[in-house]
Amino acid sequence: MLLALTGFPGSGKSSVGRELSALTGWPFTDLDAEVERLAGKNIADIFAEDGEDGFRNLETEALRGFCRAAGEDCLLALGGGSLLRPENADILRGRPAKVVWLEATPENLLTRLMEGTSGTRPLLIGNVQGKLGKLLESRAGHYGSHADITVSTNGRNPSEVAAEILRKI
Ligand code: S3P
């Protein structure tokens with residue numbers, strides 16, 4: 001099974017994916033890293049030079065390549081916006097997959113984003129709080145509508161979240 005992690009930036013998709021990989025032995029792939037590999041440059045440079053559309057095109061290409069090449073049991077951390085394109089959701093559902101939404105309150109997201117690597121997230125650069133608020137508003141209902149399983153990450157570390165995911169699938 002392909003287990004795909006979705007959720008807002010800062011929800012912990014990559015950390016939880018690595019934990020799940022340690023627990024299951026399934027290989028873990030970070031879609032943002034695949035996009036960077038494909039482009040030969042980092043996400044910030046892709047947005048700066050090719051715009052969000054350019055990034056989204058690469059994201060679709062990376063997802064298609066991953067879904068074609070990955071073995072049966074595998075883990076994928078999607079980018080926070082990967083399922084905004086209906087085409088991408090179709091690509092993901094082209095093989096047996098479960099989508100896990102890592103749900104978090106705005107407060108938890110903001111705390112993690114301020115502690116972490118928000119500087120590398122083009123959509124949140126500058127006024128992180130204000131931009132996160134807009135993203136939350138524009139994506140209300142989005143993640144839940146794609147999820148087979150929802151797991152709260154509030155006040156939990158990645159290994160607790162990973163353990164709950166494995167209990168639920
Ligand atoms: C994006 C989230 C980022 C990255 C890109 C766009 C988004 O991934 O794919 O900056 O649209 O939410 P993370 O969710 O891992 O930060």
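Counting starts at 1 for both ligands and their atoms, in listed order. From a predicted model like this one, the values you see are computed outputs, not experimental measurements.
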**Complete:** Any heavy atom of L84 under 4.0 Å from ligand 1? The part involved is neither
For [atom], what's the nearest protein heavy-atom neighbour? Residue, atom name and distance, please.
| atom | result |
| --- | --- |
| atom 2 (C) of ligand 1 | G80 N, 3.4 Å |
| atom 5 (C) of ligand 1 | F55 CZ, 3.7 Å |
| atom 16 (O) of ligand 1 | R121 NE, 2.6 Å |

**Prompt:** Quick one: do R37 and D30 make a salt bridge, cutoff under 4.0 Å?
**Reply:** no
**Prompt:** Counting both backbone and side chain atoms, is some N or O of G81 under 3.5 Å from an N or O of ligand 1?
**Reply:** yes
**Item:** Heavy atom of E36, distance to ligand 1 below 4.0 Å
**Value:** no
**Prompt:** Taking the non-hydrogen atoms of R139, is any one of them nearer than 4.0 angstrom to ligand 1?
**Reply:** yes
**Prompt:** Quick one: which of E59, R56, K13, E52 has a heavy atom closest to atom 11 (O) of ligand 1?
**Reply:** R56
Using a strict cut-off of 4.0 Å, indicate which atoms of ligand 1 neighbour a heavy atom of [X].
| X | result |
| --- | --- |
| D32 | 3 (C), 4 (C), 8 (O), 9 (O), 13 (P), 15 (O) |
| G79 | 8 (O), 9 (O), 14 (O) |
| P122 | 10 (O) |

**Message:** Quick check for you: to the nearest 0.5 Å, what is the distance between S11 atom OG and Y143 atom OH?
**Reply:** 7.0 Å
**Request:** Would you confirm whether E36, through its side chain, and I43, through its main-chain N or O, come within 3.5 Å as a donor-acceptor pair?
**Result:** yes
**Item:** Worked verdict on N108 versus T105 for side-chain hydrogen bond (donor to acceptor under 3.5 Å, both in side chains)
**Value:** CA-CA 5 Å; N108 273 268; T105 62; 2.8 Å; yes
**Request:** Check whether V161 and L5 end up in the same hydrophobic cluster, where Ile, Leu, Val, Met, Phe, Trp and Tyr are linked by side-chain heavy atoms less than 4.5 Å apart.
**Result:** yes
**Request:** With sequence neighbours excluded, tell me which residues meet side chain to side chain contact (heavy atoms under 4.5 Å, CB included) with L136.
**Result:** F8, P106, L109, L132
**Donor on one side chain, acceptor on other, S82 and N88, under 3.5 Å** = no
**Message:** For residues 55-98, which residue pairs pass the ring-ring contact (aromatic ring centres under 6.0 Å, His included) check, not counting sequence neighbours?
**Reply:** F47-F55
